[in-house]
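Reading through the structure tokens given below for one structure.
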Amino acid sequence: MSAASSTAEALVHVAVPVPNLDLLTYAVPDGSPMPCVGARVIVPLGTRVVTGLVVEVNVAWDDASSKTPVERERSTQVKTIRQILDAGPFVPPDVVALAQWTAEYYAAGVGDAIPALLPPMARGGRADAHKTIRVAAITAAGIEALQSELTPAQRELLAVLAGVPTGIATPALAARGIAGSAISRLVKRGYISIRLEKTDRNPFANPEEGQTWVRPGSDPGLTPANLTNATDRPLTAEQTDALARLRHLLDTRAFHVALLHGVTGSGKTEIYIRLAAAARESGRRVLMLVPEIALTPVAAFLFRNAFGERVAIQHSGLSDGERHDQWQRIRRGEIDVVVGTRSAVFAPLDSVGLIVVDEEHDASYKQEESPRYNGRDVAIVRAQRAGALVVLGSATPSMETYHNAMSGKYQRVVLERRVLDRPLASVRVVDMREEYAAEGPETILSRALRDGIQNRLDRREQALVLLNRRGFATAVFCRQCAGTIDCPNCSVSLVVHGEGNARRARCHYCNFTSRVPPACPLCAGPYLEQAGFGTERVEAEVRKACPDARVARLDRDAIRRKGSLASLLARFRDGSIDVLVGTQMIAKGHDFPRVTLVGVISADVGLGLADFRASERTFQLLTQVAGRAGRGEQLGEAIIQTLYPDHYSIQLACRQDFPAFYEREMTFRKAMRYPPVLSLVNAVVRSRTFAGAMDDAAGIAETLRRSDANLRILGPAPAPLGKLRGEYRAQILIKGTNRKRIREALQTALAARSDLQRRVVVDVDPLSVL
Ligand code: ADP
Ligand code: ZN
């Protein structure tokens, strides 16, 4: 190994899966050919050896020395690649470039972007308390052995393990076709160590299990026969027009973005499938993104029926082995359609001609950890580079997307009617102030909603009841001193879950859990009272009002157990549940033809949040949930309970008048200068003390103000969630017309304070500023 540098050396830039690291420069070993972009390499890093990915080749010496200060220091002693694992690209170069763009745009280290890019089995396992598995990890001797004589199979096994210092579960290795005997042989030689580890049990660890809830035959809309014929079924006139316009865009074989703005139940899925078929006929491939893991089985099922085996699924709910397996199939070119959640935007799919982003407004497309990318926006960049068509589908487009459609940047294709001219649900607003006056202040279900549910039960129809707040009671307060029981780690009050002896107070942010004390911890007063209510209480109220109803609850608490989400949805679909109570999870994209009533409790829950998207979110949620009603043959009805019947989000959601909402909301965004009028970056400084967070944030804000007069800097201010998991949070909002300028100013401000870098979270195009 030569450590010394010379200008004659061939240099490459390598991304290593270590947070906050920039690209690192390594020398190609003497006599080795230049590796390809996208090839995996084993490189020394400090005292460790890690697997990295080649991002740039033939790096000029000048380039190498113009990196960060740390890098420049190192460049006098550029280390040499230990081993080049792939003769060709392991990750396609265009996907490498896309990930690099993502890392840069979202101001994350390039190393951070690697996990989003590499097949998931090259990452560590997760831990949980249920099941124990064997994890194989490479030893120091094993790394040395990579330099020596090995069989190709042994080399592959060690190379894979070298990429994951934390080890890989043996089932995941087995899924790769690596024999147990091969592992034990290398264990005997001391190249691999085995340890026992508790693993995460994922509801969709087995993809077959994810499918079981789409029981063929249980639902007229989802029988295989029906689905096989799906593409033969005549389109409505609107669908025909929409498809023709989109096909025209597809046939140009050039980059276009189209907003498919279709009301709920207008048959957008049918259009996606036919468009995908057209793309495939023209020799191109398709990426189909959905916001939620729960929506992938249905989408995959529909596409499998149309395209057979050449459909793959990619989402984080698959087991590492399964996901890796599908990733390899995509990479080998055996797949024409990839269905998945946001990370699937990095699927190693060749000749992409069409990318569909269904429910494009959905917040789940945004990753809330570094790199904080929005899968929809990365999809657009990918399509631009591939010369592909992107279809953004939604009944309630995001303000950004609609803004672009209005300005002519995106094509707007509209579906104004539901298929077969089924009417939209009729919406009725119940003013809860009147209800309290008539029924008492404790009322949770209005008379109209109680009657409506009973009515559906009598007619053997189904109802959905939405409350976007979990738990039984949302606060506990003392009648003597008015104190509340708050989380010791976060600036929120604890939420009560369960009733009677099962009662527990829990923090929804850090999961801190305690018993509900019998007396006030502040003044010892015995009069503790519960206030506010969540889904658990609503479920109890529905049971009380309709004792014969079969009621179930769907929220994050209810689906903790493996497979429970799939089985809940299956039971609702096949009619063994009459009323499903839940959070926004029940509002998303599902197609349940027998639901004829949707009730919304406290439609205004989200309006109180100190977030500039509060109205947009509320409008979307209400329109989407109302859109779950009346999708079958029977008429649908929505009953919306609120204390603010006059708020424009609620009013316009009731009328399902998106254009009016957009106009009204734009007035606010323009006045307050929020996206889509300007670009926004949120920087949150975390510290152990309040003063520490505020002082550091003030320093950064000051530097920013001095660096660029065109930027608008708000803050520092305590973040709306002022304390989270024991850390205080101060916030700076940066607005400008040019994201690049904002990013550069921020990077410069942070470069001056390297101690701060780890404590500042930068969110480019944030979906929420809480
Ligand atoms: P969206 O995604 O726009 O809310 P879906 O694609 O889920 O709507 O379609 C709503 C329902 O209408 C589904 O049950 C679907 O099978 C059905 N459907 C779609 N297109 C047609 C059509 N041309 N004829 C009959 N039924 C259709
Ligand atoms: Zn907490």
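Atoms within a ligand are numbered from 1 in the order they appear, just like the ligands themselves. Note that this is a predicted model, so its numbers are computed, not measured.
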Show me which atoms of ligand 1 lie under 4.0 Å from any heavy atom of [X].
X	answer
Asp591	11 (C), 13 (C), 14 (O)
Pro234	22 (C), 23 (N), 24 (N)
Leu235	23 (N)
Thr264	4 (O)

Would you call Gly262 a ligand 1 contact, heavy-atom distance under 4.0 Å?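 Heavy atoms of Gly262 never come under 4.0 Å of ligand 1.
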Using a 6.0 Å distance limit plus a 45 degree cone around the ring axis, check whether Arg469 lies over the aromatic ring of Phe533. yes
Are [X] and [Y] side-chain neighbours, meaning at least one heavy-atom pair lies under 4.5 Å?
X	Y	value
Val761	Arg372	yes
Thr583	Thr535	yes
Leu354	Val391	yes
Arg556	Arg470	yes

Look only at interatomic distance and state if Gly267 has a nitrogen or oxygen under 3.5 Å from any nitrogen or oxygen of ligand 1. yes
Would one find an N or O of Gly265, backbone or side chain, under 3.5 Å from an N or O of ligand 1?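 Yes; at least one N/O pair falls below 3.5 Å.
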Between [X] and [Y]: side-chain donor-acceptor atoms closer than 3.5 Å:
X	Y	answer
Asp611	Ser768	yes
Gln530	Arg503	yes
Tyr365	Asn374	no
Glu292	Ser364	yes
Tyr410	His256	no

Give every protein N, O or S atom lying under 2.8 Å from the Zn ion (ligand 2), naming each by residue and atom. Cys487 SG, Cys490 SG, Cys507 SG, Cys510 SG
Heavy-atom distances under 4.0 Å are what count here, so tell me which part of Thr269 touches ligand 1: side chain, backbone, both or neither.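 Near ligand 1, Thr269 shows its backbone as well as its side chain.
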How does Arg418 reach ligand 1, if at all, at less than 4.0 Å between non-hydrogen atoms: by side chain, backbone, both, or neither? neither
